[in-house]
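I have placed the structure first, in the form of structure tokens, so that the comments after it can refer back to it.
Order of the sequence lines fixes the chain letters, A, B, ..., with proteins taken first and strands second; residue numbering starts at 1 for each chain.
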2 protein chains.
Amino acid sequence: MELRTLRYFVAVAEELHFGRAAARLHMSQPPLSRAIKQLETDLGALLLRRSAAGVTLTPAGATLLNEARTLLDQADQVRVRVAAAAGAAVLTVGMLGDSTDRGATRPAAVYRRQPPGIEVRIRETDLTDPTCGLRAGLVDIALTRAPFDETGLTVHDLRADPVGAVLRGVQECVQAVLWNGTVGMAPLGHDLPGELAVVPLTDMAPSRVVAAWNEGDTNPLIRSFVQIATAAYRH
Amino acid sequence: MELRTLRYFVAVAEELHFGRAAARLHMSQPPLSRAIKQLETDLGALLLRRSAAGVTLTPAGATLLNEARTLLDQADQVRVRVAAAAGAAVLTVGMLGDSTDRGATRPAAVYRRQPPGIEVRIRETDLTDPTCGLRAGLVDIALTRAPFDETGLTVHDLRADPVGAVLRGVQECVQAVLWNGTVGMAPLGHDLPGELAVVPLTDMAPSRVVAAWNEGDTNPLIRSFVQIATAAYRH
DNA sequence: GGAACTCGATACCGTACGGGTATCGTCACC
DNA sequence: GGTGACGATACCCGTACGGTATCGAGTTCC
């Protein structure tokens with residue numbers, strides 16, 4: 001029973017679907033199945049009932065889901081506390097305007113609960129700099145949207161919004177195409193002003209919300225922040 | 001940062017000596033050094049100061065020692081709670097008379113603290129059956145002394161007492177050798193009746209206190225009991 | 001009722017990491 | 001300055017983790 005295995009189990013137990021859980025964990029389904037089975041033999045208990053109707057939790061599985069969540073939370077806090085004891089007490093987060101809603105509130109709250117006051121500074125930037133001042137050293141970590149030039153940066157996917165075309169009417173479309181060769185596009189899942197219509201585009205790569213930081217950055221708060229942000233961006 | 005790595009760190013932080021910690025973990029020193037270094041880069045903090053005078057904890061290391069201990073304790077309790085939820089609620093422990101002092105009290109106490117009352121039954125046996133009725137199915141796990149016939153059993157070392165020769169006087173020795181080719185021997189670290197003297201024997205394999213259980217036994221309480229017993233036998 | 005689809009399990013493979021032994025570098029300490 | 005102790009380094013090997021391809025069972029739909 002390792003923390004990684006518990007993360008796997010939590011994913012499966014929350015999705016109740018091996019395929020989706022594997023996608024969420026950025027891995028393929030077979031090793032995930034195997035890991036869960038190993039966890040079951042290790043604990044000596046059946047955790048999941050696999051049936052054609054879907055995956056359900058056994059009593060042991062339900063218990064483990066609760067326990068594992070708190071254990072993983074505590075493990076995250078261990079990282080933060082050690083970082084604080086090591087003296088790294090400030091984390092500056094850069095954000096684009098359009099993701100302000102959910103991105104930073106939760107991680108900031110988690111950090112503020114830590115005993116030795118770690119400071120999280122939020123720096124909002126406009127859309128002209130997708131890296132929110134990462135390269136300039138203005139922020140330690142950026143919550144932003146791909147794609148952008150990733151050289152020298154480490155990028156971690158947080159969420160993939162499907163993309164839709166923003167429309168007002170036929171004339172508008174024609175005008176838009178005439179002007180710059182395309183119609184307006186926006187990630188779905190947001191509320192747009194009332195008179196606008198959005199048509200989902202299925203054959204287009206979804207818009208990725210990502211966390212990015214400078215490749216060699218040793219600030220230990222980055223990793224824990226990414227973990228918390230990952231959880232926060234999953235509704 | 002995995003639980004295994006944290007166990008490694010706790011061992012080193014408690015021993016303040018890589019070699020002894022490696023011995024305690026039943027592994028060699030180089031991979032242990034490497035694992036600790038990896039943990040340090042993973043956490044982004046220096047945990048230990050290595051100097052010729054010895055190993056000392058940094059502030060970050062001291063914090064991690066505390067945090068890791070509680071996290072590992074909680075991980076052990078997760079195992080127990082899952083086992084309880086799966087319905088395995090009874091563990092019978094067999095013990096030899098001479099190890100009663102420390103073996104079972106601590107694990108039993110830990111188990112009694114668990115919410116869904118897991119029952120730990122203690123069964124003491126005399127020295128005629130070193131496996132305390134393991135093969136007969138009378139107990140789930142035995143705390144006993146090696147060596148004995150280990151076929152079909154899994155054996156886990158808990159402690160290695162150096163062996164001493166028990167003496168009263170020269171005549172006694174001579175008599176003993178004449179009688180059965182040897183003098184009396186006993187593991188050290190125990191209080192013997194006052195008039196007896198004990199001479200440590202250095203060239204003799206130490207007496208191993210071990211936990212043993214039937215090889216295919218799936219009772220999930222066994223593993224957590226072994227972990228707790230291991231900790232309890234280290235003073 | 002059979003064809004197609006869904007989804008977890010299985011088989012198999014390559015690599016990476018965790019473990020081992022051998023050895024080095026560097027301090028204390030005679 | 002020689003020697004011993006101890007952590008770091010170099011190197012090797014086996015396991016185990018993650019990958020792709022495929023199977024098998026169960027549901028759905030025509």
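Rounded to the nearest 0.5 angstrom, B:Tyr8 OH and B:Leu39 CG are separated by 12.0 Å. Residue B:Asp42 holds its CG atom at 11.0 Å from CD of B:Glu40, rounded to the nearest 0.5 Å. Considering CD of B:Glu2 and CG of A:Leu6, their distance stands at 8.5 Å, rounded to 0.5 Å.
B:Arg49 has its CZ atom 17 Å from the C1' atom of C:dC27, to the nearest Å. Rounded to a whole Å, the CD1 atom of A:Ile36 is 17 Å from the P atom of C:dC7. Rounded to whole Å, the distance from OH on B:Tyr8 to P on C:dC17 is 15 Å. One interatomic measurement links the two molecules: CE of B:Met27 to P of D:dC13, which rounds to 20 Å at whole-angstrom precision. Between the C1' atom of C:dG18 and the CD atom of B:Glu2 lies a distance of 13 Å, rounded to the nearest Å. The CG atom of B:Leu47 sits 16 Å away from the C1' atom of D:dG7 (whole-angstrom rounding). Between the CZ atom of A:Phe18 and the P atom of C:dT10 there is a distance of 11 Å, given to the nearest Å. Nucleotide D:dA10 holds its P atom 14 Å from the CD atom of B:Gln29, rounded to whole Å.
Map A:Leu16 and A:Arg34 each onto its nearest nucleotide of DNA chain C; the residue landing nearer the 5' end is A:Leu16. Comparing A:His26 and B:Ser51 against DNA chain D, the residue whose closest nucleotide sits nearer the 5' end is B:Ser51.
Between B:Ser28 and C:dG19, a side-chain N or O to OP1/OP2 separation shorter than 4.0 Å is absent. For D:dT9, the OP1/OP2 oxygens have a side-chain nitrogen or oxygen of B:Lys37 closer than 4.0 Å. Distances shorter than 4.0 Å separate some side-chain N or O of A:Arg4 from OP1 or OP2 on D:dG18. OP1 or OP2 of C:dG8 has not a single side-chain nitrogen or oxygen of A:Ser33 nearer than 4.0 Å.
Among the heavy atoms of the strands lying under 4.0 Å from B:Gln38 are primed sugar atoms or P, OP1, OP2 only; no base atom is included.
Checked for salt-bridge contact, B:Glu67 and A:Arg79 miss the test: no charged N lies under 4.0 Å from a carboxylate O.
Exactly one of B:Arg20, B:Arg69, B:Arg7 qualifies for a salt bridge (charged side-chain N to carboxylate O under 4.0 Å, His left out) with B:Glu14. That residue is B:Arg69.
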